[in-house]
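Read through the structure below, which is laid out as structure tokens, and then see the notes.
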2 protein chains.
Amino acid sequence: MPASLHKVSDSAIRRLSIYLRVLGGLEREGKETVSSQVLADRAGTTAAQVRKDLSLFGSFGKRGLGYLVTTLRDELRGILGVSRTWRVALVGIGRMGAALLEYPHFRARGFEFVAVYDSDPEKVGSRRGMLTVEDARVLEESLRETGVEIVVLTVPAGAAQEVADAAVRAGVRGIMNFAPVALKVPPGVRVNAVRLTVELEVLSFSLGSVADRD
Amino acid sequence: MPASLHKVSDSAIRRLSIYLRVLGGLEREGKETVSSQVLADRAGTTAAQVRKDLSLFGSFGKRGLGYLVTTLRDELRGILGVSRTWRVALVGIGRMGAALLEYPHFRARGFEFVAVYDSDPEKVGSRRGMLTVEDARVLEESLRETGVEIVVLTVPAGAAQEVADAAVRAGVRGIMNFAPVALKVPPGVRVNAVRLTVELEVLSFSLGSVADRD
DNA sequence: GAGTGTGAAGTAATTCACAGCG
DNA sequence: CGCTGTGAATTACTTCACACTC
């Protein structure tokens with residue numbers, strides 16, 4: 001039962017994205033087919049989990065054989081919505097913003113930065129690769145004009161909510177938030193937070209508690 | 001039932017780290033107490049979840065009043081293991097590595113970079129703030145000598161596993177991995193992967209499927 | 001035979017709801 | 001009274017196990 005309209009868990013989607021990455025590697029290695037077991041090993045999960053995840057969207061495998069690498073990759077691209085290009089804007093061009101702007105894997109996966117904003121007058125007007133830094137004061141209308149669909153937020157915590165509000169008013173429905181605040185957005189808008197300090201603190205906790213395996 | 005030796009879920013720990021961040025903000029605002037409800041609002045979760053999470057480690061609140069901000073913050077620091085300083089090394093100083101090295105929130109939370117490595121001869125020997133970039137070939141012994149406890153990996157995918165192996169041999173038990181590969185490490189070593197492309201693809205999926213609320 | 005697809009079983013995480021305390 | 005702490009109920013996620021297909 002393919003079920004494309006049923007609710008799929010976030011963690012399942014995360015894993016699909018990882019499978020997609022693994023399939024790219026397998027393809028480069030010239031592999032034509034792959035079993036759920038091998039896929040699982042490379043993705044860091046279990047074979048049953050792989051099959052369950054894929055079965056949420058269809059029956060892509062061949063029994064006794066496994067999955068066709070290229071076919072499955074195309075299917076996953078379709079499911080994840082990355083067979084097209086997404087128009088992305090960066091707001092806040094500090095060191096982290098600059099690093100993301102040049103991050104090679106984004107473009108390779110269809111996420112293209114089409115605008116950059118900052119509120120620092122020193123930075124506004126300067127070039128960043130193909131792009132010119134625009135003034136954050138014109139954010140809303142500029143985002144709308146440029147047809148931006150996803151915003152990557154690397155501004156200080158204090159500025160994040162107002163930038164998010166402006167982006168939402170401009171019709172943006174996806175926000176990748178690096179600022180250390182929980183953003184409030186209306187229904188229909190999706191925020192994905194990247195919490196670098198949290199990741200380190202999870203490590204710190206694991207190393208601290210002795211009762212720890214794996 | 002405090003239960004410090006029982007298994008606590010990863011997501012609970014992640015939330016504790018977020019609560020800690022929120023408490024810092026409340027403290028700066030001069031708030032002395034906070035209810036689970038307010039904490040939840042600022043952290044982006046529910047009051048029941050906050051109380052459940054905290055109850056895994058003790059009874060920190062006062063009924064009818066809430067939690068004392070400073071006290072709870074200290075408790076959480078102890079639980080997460082961040083009342084001390086952690087010695088961290090960065091391996092791979094591209095743009096992302098450079099951004100992390102200067103990321104102000106790491107140091108503010110007790111994560112201190114004490115060494116930087118790269119394999120590029122052009123970079124080896126150059127200065128990065130207080131640190132000199134060392135040659136990745138001496139990684140293992142240098143990590144050991146420097147007493148590094150956590151490694152942040154920002155090397156290309158192809159190099160990540162061998163760097164991880166060397167780090168593990170050097171006694172490192174925590175790895176924050178930015179490379180797009182699943183690292184294999186022995187039991188007792190904890191890897192935390194930061195998958196930036198996955199985060200964007202989750203957004204892409206959410207925007208793509210129309211059947212989407214929140 | 002090898003390996004998928006999937007209900008059913010088993011775990012884990014979250015939410016409810018309320019007794020009990022300050 | 002207000003708000004915590006927590007068992008109980010619920011919901012979500014993962015693993016099992018095996019019929020089925022290539």
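For clarity, every value in this text was computed on a predicted model and none was experimentally measured. Each chain gets a letter, A, B and so on, in the order the sequences are listed, and its residues count up from 1. All values below come from the heavy atoms of this structure, side chains included, with hydrogens, waters and symmetry mates left out.
- Going from atom CG of B:Leu54 over to atom C1' of D:dC3 covers 13 Å, rounded to whole Å.
- The side-chain hydrogen bond (donor to acceptor under 3.5 Å, both in side chains) test applied to A:Tyr67 returns no partner, not counting sequence neighbours.
- At a non-hydrogen distance threshold of 4.0 Å, A:Thr46, A:Gln49, A:Arg51, A:Lys52 from residues 31-52 of chain A come into contact with DNA chain D.
- Between B:Leu65 atom CG and D:dT4 atom C1' the separation is 10 Å, expressed in whole Å.
- Put simply, B:Tyr67 has a side-chain N or O that comes within less than 4.0 Å of OP1 or OP2 on D:dG5.
- Regarding contacts with the backbone of C:dA19, every side-chain N or O of B:Arg63 stays at 4.0 angstrom or more from both OP1 and OP2.
- Residues satisfying the side-chain hydrogen bond (donor to acceptor under 3.5 Å, both in side chains) criterion with A:Thr71, sequence neighbours excluded, are absent altogether.
- Not a single donor-acceptor pair under 3.5 Å links the side chain of B:Glu149 to the backbone N or O of B:Gly174.
- Judged by distance alone, with hydrogens and angles left aside, the side-chain atoms of B:Ser206 form a donor-acceptor pair with the main-chain N or O of B:Val202 at under 3.5 Å.
- In this entry the distance linking CZ of B:Phe57 with C1' of D:dG5 reads 15 Å, nearest Å.
- The CG atom of B:Asp10 sits 9 Å away from the P atom of C:dA13 (whole-angstrom rounding).
- Partners of A:Thr85 according to the side-chain hydrogen bond (donor to acceptor under 3.5 Å, both in side chains) rule, which considers only residues two or more places apart in sequence or in another chain, do not exist here.
- Considering only residues two or more places apart in sequence or on other chains, B:Gln37 meets the side-chain hydrogen bond (donor to acceptor under 3.5 Å, both in side chains) condition with B:Asp41.
- Of the N and O atoms on the side chains of B:Thr197 and A:Arg109, not one donor lies less than 3.5 Å from an acceptor on the other residue.
- Rounded to an integer number of Å, the gap from A:Leu56 CG to C:dG7 C1' is 14 Å.
- A donor-acceptor pair is defined here as one N or O able to donate and one able to accept, closer than 3.5 Å; such a pair exists between the side chain of A:Arg87 and the backbone of A:Thr146.
- Rounded to whole Å, atom P of C:dT6 lies 11 Å from atom CZ of A:Phe60.
- For A:Arg15 and B:Gly61, each mapped to the nucleotide of DNA chain D holding its nearest heavy atom, the one lying further toward the 5' end belongs to B:Gly61.
- In this structure, the CG atom of A:Asp53 is 13 Å from the P atom of C:dT4, given to the nearest Å.
- Counting only heavy atoms from C-beta outward, the side chains of A:Val34 and A:Tyr19 never approach each other to under 4.5 Å.
- Listed nucleotides C:dG5, D:dT14, D:dC13 differ in distance to A:Ser9; the shortest reach to its side chain belongs to D:dC13.
- Of the residues in residues 17-24 of chain A, none lies under 4.0 Å from DNA chain D by heavy-atom distance.
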